Amino acid sequence: MVQVVFEKVSKAYGDTVAIPGLDLVIESGEFVSLLGPSGCGKSTTLRMLAGLEQPSSGSIRIGDRDVVNLAPAARDIAMVFQSYALYPHMTVAENICYPLKKRGVAKADRAIKLAEVAALLQLEPLLARKPGQLSGGQQQRVALGRALVREPSVFLLDEPLSNLDASLRAHMRAELIELHRRLGKTMVYVTHDQLEAMTMSSRIAVMRAGELQQFAPPDEIYNRPANVFVAGFIGTPAMALADGSLADGGGHLVVHVGPLAVALPYAAAARPDAVTVGIRPEDVLVGEGPWQAQVRLVEPTGYETIVALDAGGLALTARVPGSNALRVGETVAFDLRRERIHLFDKSDGRRWEPAGR
Ligand SMILES: Nc1ncnc2c1ncn2[C@@H]1O[C@H](COP(=O)(O)OP(=O)(O)OP(=O)(O)O)[C@@H](O)[C@H]1O
Ligand SMILES: [Mg+2]
């Protein structure tokens with residue numbers, strides 16, 4: 001059982017501070033995604049764990065060992081990169097077995113390991129081919145196979161699916177989930193694709209400018225984003241965010257946002273005055289309700305239609321089922337799922353909920 005711990009880990013490149021100070025505990029057997037916009041420090045974090053970068057300060061533990069001063073080969077990890085880096089002159093079988101050969105594993109034992117991994121990744125028919133004769137997804141499986149034969153305690157994957165087309169990505173996503181389920185090994189997965197992070201992870205670490213914003217299971221990240229950044233970053237189409245204020249409506253809380261006064265189904269004794277109000281597209285109910293908005297944009301996607309609305313200066317996005325007959329410029333009535341409105345304290349951007357909710 002192998003836990004991964006970052007403790008006060010920082011990393012600067014010259015004057016550029018990539019990671020100011022990271023504390024993160026990844027439990028044994030977890031599938032954790034590091035998610036965030038380009039340049040937020042995902043790869044740097046993974047590369048420090050792999051031993052490809054030296055932290056400027058802090059400690060990193062894999063299991064019960066502090067690995068900061070250990071060479072990559074001594075860390076009991078295997079890493080899969082975005083570019084598969086297969087050896088072009090070697091066959092698939094030779095590529096997969098290479099780490100074992102380098103380690104001096106006997107030929108007969110290599111063959112046993114190869115057969116196991118090839119069966120797991122369905123690579124048997126491809127073993128005699130060279131990488132140039134494989135599709136992107138097949139090459140990706142070979143790269144995974146090469147990591148698997150080493151039987152590391154921790155797998156590190158840096159955007160391993162980003163070179164694949166959409167359908168192959170979906171397929172490999174499912175395969176990775178299954179692989180993790182079967183192996184039960186700790187996996188740390190870097191991606192800027194929130195769908196990958198949401199579908200595969202036990203927990204997601206959302207990063208921004210080298211700082212951890214929230215570390216929680218996917219449903220919590222989605223349903224209870226810890227701050228305005230996470231709220232706006234997670235979810236497609238994005239949550240509408242607008243300035244608002246809170247008032248007491250006599251036993252329940254009232255949110256004032258744009259021209260709307262929305263009575264919430266709960267009360268609060270103490271509350272911030274100024275808030276950022278977040279409303280997800282699926283919580284805007286078009287058709288009936290106490291408010292009116294003008295349709296600004298209609299985007300049919302097939303099974304649903306994304307509609308941009310202007311409610312007296314308040315910009316909202318709604319998802320409407322099916323191909324809808326809404327027209328740009330028309331006025332529609334709408335309601336909100338009031339219990340699902342997100343509130344963030346304007347002074348620090350953090351999620352705010354009344355005590356006991
Ligand atoms: N070798 C380097 N020298 C100088 N700065 C670097 C180096 N590597 C990374 N950085 C900087 O550190 C920060 C974090 O980079 P990192 O590669 O970890 O981001 P990332 O989250 O993986 O981004 P992406 O999604 O684009 O891969 C960035 O500002 C980047 O420019
Ligand atoms: Mg990166």
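Here the structure is a predicted model, which is why all the values come from computation and not from measurement. Both ligands and their constituent atoms are indexed starting at 1 by order of listing.
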request  = Could you tell me which atoms of ligand 1, counted from 1 in the order shown, lie closer than 4.0 angstrom to a heavy atom of A18?
outcome  = 12 (O), 13 (C)
What's the shortest distance from [atom] to any protein heavy atom, and which residue and atom give it?
| atom | answer |
| --- | --- |
| atom 18 (O) of ligand 1 | T44 OG1, 2.5 Å |
| atom 17 (O) of ligand 1 | S43 CB, 3.8 Å |
| atom 25 (O) of ligand 1 | K42 NZ, 2.8 Å |

message = With a cut-off of 2.8 Å, does S43 put an N/O/S atom close enough to the Mg ion (ligand 2)?
response = yes
Please report, to 0.1 Å, the donor-acceptor pairs under 3.5 Å made by any side chain of residues 268-279, with sequence neighbours excluded.
none

ask   = In chain order, what residues pass the side chain to side chain donor-acceptor pair (under 3.5 Å) check against R203, with sequence neighbours excluded?
value =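 Here the qualifying residues are E30.
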ask   = Looking only at atom types and distance, does a side-chain atom of H256 sit under 3.5 Å from a main-chain N or O of V262, one as donor and one as acceptor?
value = no
query = Cut-off 3.5 Å, side chains only: do D345 and S347 have a donor facing an acceptor?
reply =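 The answer is yes; a qualifying pair exists.
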task = Using only heavy-atom distances, determine whether the side chains of S57 and S10 contain a donor-acceptor pair under 3.5 Å.
result = yes
task = Please verify whether a non-hydrogen atom of C40 lies at under 4.0 Å from ligand 1.
result = yes
task = Out of A209, G39, G210, indicate the one that has the non-hydrogen atom closest to atom 29 (O) of ligand 1.
result = G39
